[in-house]
Structures are given as C-alpha cells and as structure tokens.
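Taking it in order: structure first as structure tokens, then the write-up.
By convention in this document, chain letters (A, B, ...) are assigned in the order of the sequence lines, proteins followed by strands, and residues within each chain are numbered from 1.
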Amino acid sequence: MSSALLADLRARGLVFQVAGEDELPAWLDGGCRTLYCGFDPTADSLHIGSLVPLLMLRRFQDAGHRPLALVGGATGLIGDPSFKAQERQLNTPEVVSGWVEKLKAQVSRFIDFEGGENAAEVVNNLDWTANVDVLTFLRDVGKHFSVNAMIQKESVKQRLEREGAGISFTEFTYMILQSYDFSELNRRYGCSLQIGGSDQWGNITGGIDLTRRVNGEKVFGLTMPLITKADGTKFGKTESGTIWLDAARTSPYAFYQFWLNTADADVYRFLKYFTFLPVEEIDALERADAERAGRPEAQSVLAREVTRLVHGEAGLDAAQRITQALFSGELDELSADDFAQLRQDGLPASTIKVAELPETLTQVLVEAGMAASGKQVKDALGRNAVLVNNRALGWEDNAVPAAAFTAERALHGSYFLTRLGKKKYHLFELG
RNA sequence: GGAGGGGUUCCCGAGUGGCCAAAGGGAUCAGACUGUAAAUCUGACGCGAAAGCUUCGGUGGUUCGAAUCCACCCCCCUCCA
C-alpha cells in the first residue's frame with residue numbers, strides 16, 4: 001500500500017530528497033508508521049507555504065500512517081537560520097506561546113484525530129525541552145554534534161561565509177534543537193520519519209544522525225520541493241501581501257481568488273501539489289483544457305478544491321457567492337440580504353455617511369483602501385475604470401462625491417458596489 | 001587603528017551647483033487585447049482635487065540657488081594591521 005503512496009507522491013512531484021531511500025518503501029509497507037512535520041510559530045497564522053507539508057501529513061494518514069503535527073513552542077523561541085540571509089529578531093515567550101495555540105488549532109484542521117492506531121496528534125517541543133538544564137543538554141545532546149559538520153551544512157553556509165552577515169550561537173544551535181525533537185519523538189512515539197520543505201534537509205539529517213546515536217534507531221527523512229512559479233516570482237505572495245490560512249487575515253474570497261488567478265503554466269502542477277485529486281484525473285483535465293480553446297477549467301477546480309480544504313464547505317460557498325456576484329455583472333439580481341451576506345462573507349466593505357464624505361472621490365476610495373494614492377484613482381477615473389453600481393464615474397465627478405452616493409442611486413436604498421479596475425471591489429453601505 | 005570606495009524616490013541604478021520630483025530598468029496600478037490568463041502595446045507611478053508641500057544617510061554651513069560644494073557625525077563594503 002505504501003510503496004503506492006510513494007509512487008503517487010513522486011508522480012505529483014512532491015518528493016525532493018529522501019534519506020534512507022532504499023529501505024523506506026518496504027518500511028512503510030510494513031505497517032502503520034509514525035511520521036512528523038514541524039511548524040514553527042513565526043506569526044499567529046500559517047500561510048500557504050505550509051500547505052504542502054500539511055497536506056503531506058494527510059496523504060500519509062490516508063495511506064494508513066500516523067501523523068504528528070509538531071508546533072515549535074521551543075524552536076520558535078530560537079529561530080531557524082536555514083537559508084535566511086539575516087539573523088532574526090527574537091519574539092517574547094508570551095507572544096510565541098500565544099501563536100502556538102493559534103497554530104495548534106490551525107494545523108488540526110488538516111489531519112484526523114479520530115479512529116484507531118493512526119489517529120493524528122499535535123505535539124509541542126516545548127514539552128520536552130523546557131525542563132532540560134543546560135549541562136544535561138550539552139553533555140547528552142551537544143556531545144553528538146560536530147561543529148565541523150554543522151558548519152558544512154548548506155543551510156547556514158551563507159551566514160558563515162558572507163561578509164557582513166553573521167550568525168549568533170543561538171540560531172546556530174537551532175539544528176541541534178530540531179534534531180533533539182526527532183530523537184525524542186522517536187523515543188516517545190516511535191516516530192520514524194520526518195518530512196519538511198527542502199530547506200529543512202540539513203535539520204532533518206541532523207535528527208536522523210542523532211536518533212541513530214542516542215536511540216540506535218534507523219529513521220527516515222523526506223523533503224518536498226520548493227514551490228516555484230513559471231514566471232520566476234515568489235509563490236504565495238500577491239501585490240497585497242502574503243496569503244494566510246487564517247480567514248481573519250486572508251478572507252476565503254481573497255483566498256479563492258488567489259488560486260483562481262493561477263497561471264496556466266503552473267496550474268496543473270499546483271493541482272498535483274495542493275489537492276487530493278488523482279493524478280490521472282488532473283492529467284485528463286489538462287488534456288481536456290488543451291483541446292477546448294479558450295478559458296481552461298483547471299483554475300476553478302484548483303480554487304474550489306483548495307478553498308474547501310482550508311476554509312471548509314461554508315468558506316467555499318461564501319467565496320463562490322461573492323465571485324459569482326461580482327464577476328457576473330448582474331447586480332440587479334442581488335437582494336438586500338445578498339449584500340449583507342457579501343459583507344459578512346468578507347467582501348471589503350465600509351459604512352459611509354453622505355454628510356461626512358471627504359471633499360473628493362479620490363479621498364473616498366483611498367480611505368476605503370481601493371487605491372494606494374489619489375493619483376491612481378485619478379488615472380482610473382480618467383479611463384472610466386471606476387464603477388459605482390455598474391455606472392462609470394469620470395474625473396468631473398471627483399469634486400462631488402456626495403452626488404455619486406445618493407440614496408436614490410443606492411441599491412436597496414443603501415448599497416454601492418464600487419469597482420476600480422477589473423478586480424478590485426469595495427462595498428459602501430449608507431449608514 | 002591605517003588606506004580606499006559607497007549610502008539617491010518600493011528595488012536596482014544614473015545624476016557632481018540652476019533646465020532635477022531627479023535618466024534608465026524592474027516591481028506596482030490603470031487602459032487596449034483576452035479567459036478576472038500569458039505575451040504585447042499605451043498611460044500613471046513622492047504627497048495633494050488644486051494651489052502647493054515634502055525628498056536624495058544625519059546635522060549644521062557656503063550660495064540668489066545644493067542630491068550635487070564644505071564641516072562634523074552615523075552606517076555599509078574592500079584592502080592592510
């Protein structure tokens with residue numbers, strides 16, 4: 001069953017490096033194995049960069065293995081230097097522990113805690129590091145690490161070699177801490193496989209070595225590739241910032257839109273990375289899209305599947321409802337309830353009072369966050385790119401914003417769906 | 001500690017007394033085309049509706065006028081010790 005899992009992962013392009021490659025398939029086939037992946041609290045939410053490893057845990061669980069999601073209450077206090085150009089600012093223990101709680105909840109949505117021997121578990125490495133004293137740690141753990149080997153790791157090389165950079169002892173120790181996690185999880189849970197992004201290779205192999213030395217156990221490691229985009233830009237960022245998994249930071253609607261805007265050159269690869277759809281199905285979709293000229297279907301499948309995974313059926317409904325309402329152009333068909341719902345669903349919105357409007361339209365839209373500066377609004381007005389309830393406004397309307405937001409022009413007496421350009425929407429409600 | 005080079009608008013990078021809100025490229029925003037794509041073309045791109053206001057590491061100074069000259073200070077890089 002599990003060599004089938006590995007074959008599927010490879011078909012999806014999800015396997016980058018494997019430690020113990022020859023023995024891993026047989027080991028996985030031999031029964032329910034325990035594996036783990038760590039997530040450090042560097043913010044109060046994970047972003048889509050963590051999605052691949054999260055789904056990976058799920059893939060293993062679906063294949064009959066037991067996933068442990070480790071939240072780094074301890075490692076988060078130190079900071080991983082891997083491939084980071086600069087030393088990072090330390091966060092206070094209070095802040096980190098607050099983030100740990102958030103991440104625990106977030107991570108939990110992707111794996112199943114019910115059921116038998118392969119029920120998932122969330123663990124926190126602070127549990128086994130908080131009470132270890134320095135001398136014990138140095139003697140029992142530190143002694144197994146060769147600094148000579150540690151400074152050879154590619155992940156810290158630029159920090160050691162580059163002029164002007166540097167690495168504190170604190171961050172340099174990170175690898176030891178993470179290695180200790182693996183050996184402890186091996187001891188406590190029989191964990192025998194660690195997975196992570198390709199940047200974690202050095203930390204993972206460190207843990208494998210330590211586990212062999214202190215527990216005499218042979219354990220495995222597997223990394224996933226860095227997600228790249230065909231145009232060379234960084235995955236997971238948009239003009240407006242990072243795409244987070246937390247609905248409070250990135251609304252399900254914005255999340256859905258992010259995936260819907262995936263480039264053709266990336267979409268089939270992403271379907272393999274980010275969904276559980278069978279590879280054959282994805283290949284079939286690609287062929288169908290290629291035969292049918294015009295708009296491919298893949299993006300909407302991707303957006304649907306990933307939004308459902310992260311935000312659930314209700315989040316997906318909200319995202320699709322907003323998308324449908326905005327991009328169909330049929331505003332007349334929306335009821336007052338629908339507008340209230342859109343606002344509820346995360347469509348950017350604000351309440352305005354005609355008497356308190358600023359002097360110009362540019363100010364109104366900038367304050368609503370639709371544009372970065374008045375110049376952009378001015379440009380858009382000059383090109384008929386500002387629409388209020390589907391009516392274009394011009395530069396001549398700029399000085400009289402009140403005229404654009406009169407009750408007579410409002411939908412259902414109070415709503416103004418305002419569009420700037422093709423994709424930026426904001427709902428103004430008379431208050 | 002010594003010698004030299006450098007810090008320019010989001011990024012890279014020109015600019016060495018007025019014609020500089022500052023070349024060029026990238027990013028970004030908007031328009032055309034289209035599929036809410038890609039590529040391409042066009043426009044905008046310090047802030048401001050405008051009048052105007054504020055920028056070129058910092059602080060002072062010279063000058064009718066400074067990103068450009070002077071003094072001191074801070075930071076970065078290269079070489080030497």
Contacts under 3.5 Å, N or O only, protein and nucleotides 10-13 of chain B:
none

Sub-3.5 Å pairs of nitrogen or oxygen atoms, protein against nucleotides 52-55 of chain B:
none

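- For A:R58, the salt bridge (Lys or Arg N to Asp or Glu O under 4.0 Å) criterion is met by A:D62, not counting sequence neighbours.
- Taking A:D112 as the reference, nothing meets the salt bridge (Lys or Arg N to Asp or Glu O under 4.0 Å) condition, with sequence neighbours excluded.
- Listed in residue order, the members of residues 380-397 of chain A having a heavy atom less than 4.0 Å from RNA chain B are A:R383, A:A385, A:W395.
- Proximity of residues 421-431 of chain A to RNA chain B (heavy atom under 4.0 angstrom from any strand atom) is restricted to A:G421, A:K422, A:K423, A:K424.
- Legend: ring pair (Phe, Tyr, Trp, His ring centres under 6.0 Å) pairs involving residues 350-382 of chain A, not counting sequence neighbours: none detected.
- RNA chain B lies under 4.0 Å from at least one heavy atom of each of the following residues of residues 348-360 of chain A: A:E359, A:T360.
- One finds a side-chain N or O of A:K378 lying less than 4.0 angstrom from the OP1 or OP2 phosphate oxygen of B:A50.
- Residues of residues 248-261 of chain A that place a heavy atom closer than 4.0 Å to RNA chain B, in numerical order, are A:Q257, A:L260, A:N261.
- For the pair A:L226 and A:F235, the minimum side-chain heavy-atom distance is 4.5 Å or more.
- Applying the salt bridge (Lys or Arg N to Asp or Glu O under 4.0 Å) test to A:R383 and every residue at least two apart in sequence or in another chain returns A:D379.
- At the phosphate of B:A49, OP1 or OP2 sits under 4.0 Å from a side-chain N or O atom of A:Q363.
- Sorted by first and then second residue, the ring pair (Phe, Tyr, Trp, His ring centres under 6.0 Å) pairs involving residues 284-323 of chain A (not counting sequence neighbours) are A:F255-A:H311.
- Here ring pair (Phe, Tyr, Trp, His ring centres under 6.0 Å) pairs that include residues 39-59 of chain A, with residues two or more places apart or in two chains, are A:H47-A:W244.
- Note on A:S373: only backbone sugar-phosphate atoms sit closer than 4.0 angstrom, heavy atoms only; bases stay farther off.
- A:D264 comes within 4.0 angstrom of a base, heavy atoms only.
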